[in-house]
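Start at 1 and go down the list; that is how both ligands and their atoms are numbered.
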Amino acid sequence: MKPMGPIPPFFTGEDGMLLIGGCGAASLVEEAGDTPLFVYDMGIIERQVSDWRDAMPPMLSLHYAVKANPFPPLLQRMAALVDGFDVASGGELGRALEAGMDAAHVSFAGPGKRDDELTAAIDAGVTLNLESEGEARRAVAIAERRGRTPKLAVRVNPDFDLKGSGMRMGGGAKPFGVDADRAAALARWLIDAGADWRGWHIFAGSQALDANALIEAQAATVALAARLSGEMGVTPPLVNLGGGFGIPHFPGDERLDIRPIGQALAQVLEGRADILSGSAFAMELGRWLVGEAGVYLTRVVDVKVSQGETFAVVDGGLHHQLAASGNFGTVVRRNYPIAVANRFGEAAADQAVTVAGCLCTPMDKLGDKVALPPIKEGDLVALFLAGAYGASASPAAFLGHPNPLELLIG
Ligand SMILES: *Cc1c(COP(=O)(O)O)cnc(C)c1O
């Protein structure tokens, strides 16, 4: 038996059936027509957003990192809930604008932006978070050819990192952003080239569950923005502080209490250097906003025993939920929270079961020797934390299975 991560506190059962947003999992599958199915509960996302607004200083705005979940109906609802979108490709830019987010509140970060992506961003009037001097030169040249004033911010590769984060995005040599010691010179060059300089984008890491580490990183981020702005002698219109709030995935992980983070940040912002007194501040979050709101439902096709170990083979797999199989952003494979949706709350069988996906590779495990109620063909398996980096972050074409269905409720 191997442990699994905690089921998010929003989920309960009724008469042995998992409820998602008050609806039974089996009836959601019926409504959608088939499995595998991602269900996203907008009610949970709304709650996360309001918790964030309650905890954070009112002057801080909230951006959604679209790559966490770009499902169009979800983006449409998000557009009305948050203050801006951060996109990471030309494709996401298109989806953000289609979802109704005002271009003035969209920023576009990410390495390797092609000329056609820079052009689309400049034409639409969104802010480009520049990742290098080379990208800056291309953006300015494109804007000149289009006869436009480009909105350009500088993404800074910070000279510190977010401790305990699942994915480090700053500190040391990185393909992201411009090293802190060259950032002010680049921003100065942009202003001299006639661009509308929008400020700084500083993203130190992701998936952190340690409030103190986040508090420290945010204080260091504001200090870095002040130092760079001081070097230039110009107030940045916007400082994007990054985010990095994590959600519990694994045994022993606990939900982040964001209230002390908000209190500490409020103090940091109140005491900020004069050069930042006219600046606006934003935080960008993906996983923390939407991750817990998603459940991946997949049906048991076969139950078999091999050398004493029970396998429940399902019609889904890592082609839809790569992260849960342990092959996306983790070093050691650990179990995401998982349940039998139509036996929710029932006692576990004596023997552990391995939930295997339908792909012909030993990597395709959704649950490794987990404690589940006695499982049968036709049962519905629910894999939690499927709201972020699921459908769009998995190799759907691998083995030629159909794309998963997606359903937004609430
Ligand atoms: C991926 C990404 C995010 C979102 O990270 P989460 O862990 O999902 O909150 C935010 N900002 C940037 C620049 C990113 O690349």
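The closest side-chain donor-acceptor pair between D196 and T149, if any, does not fall under 3.5 angstrom. With no hydrogens or angles considered, no side-chain donor-acceptor pair links N157 and R155 at under 3.5 Å.
For ligand 1, the polar-atom distance check against G244 finds no nitrogen or oxygen pair separated by under 3.5 Å. Geometrically, ligand 1 and H201 share no nitrogen or oxygen pair separated by less than 3.5 Å. Between E284 and ligand 1, a contact under 3.5 Å exists for at least one N or O pair. In terms of polar-atom proximity, R155 is not counted as a contact of ligand 1, lacking any N or O under 3.5 Å from an N or O of the ligand.
At a 4.0 Å cut-off, at least one heavy atom of F203 sits close enough to ligand 1 to count as contact.
Atom CZ of F311 has more than 12 neighbouring heavy atoms from other residues, nucleotides or ligands inside a 6.0 Å radius.
Which parts of ligand 1 touch A65 is read off a 4.0 Å heavy-atom cut-off, strictly below it: atoms 3 (C), 4 (C), 10 (C). In summary, the atoms of ligand 1 found under 4.0 Å from a heavy atom of S206, numbered by their order in the structure, are 5 (O), 6 (P), 7 (O).
Inter-residue side-chain proximity for Y296 and P36 is flagged as met; some heavy-atom pair is nearer than 4.5 Å.
Looking at Y389 against ligand 1, only its side chain comes within 4.0 Å, counting heavy atoms.
The salt bridge (Lys or Arg N to Asp or Glu O under 4.0 Å) pairs that include a residue from residues 45-65 are E46-R77, R53-D83, where partners are two or more places apart or lie in different chains. Screening residues 135-144 for salt bridge (Lys or Arg N to Asp or Glu O under 4.0 Å), with sequence neighbours left out, gives K113-E135, D115-R138.
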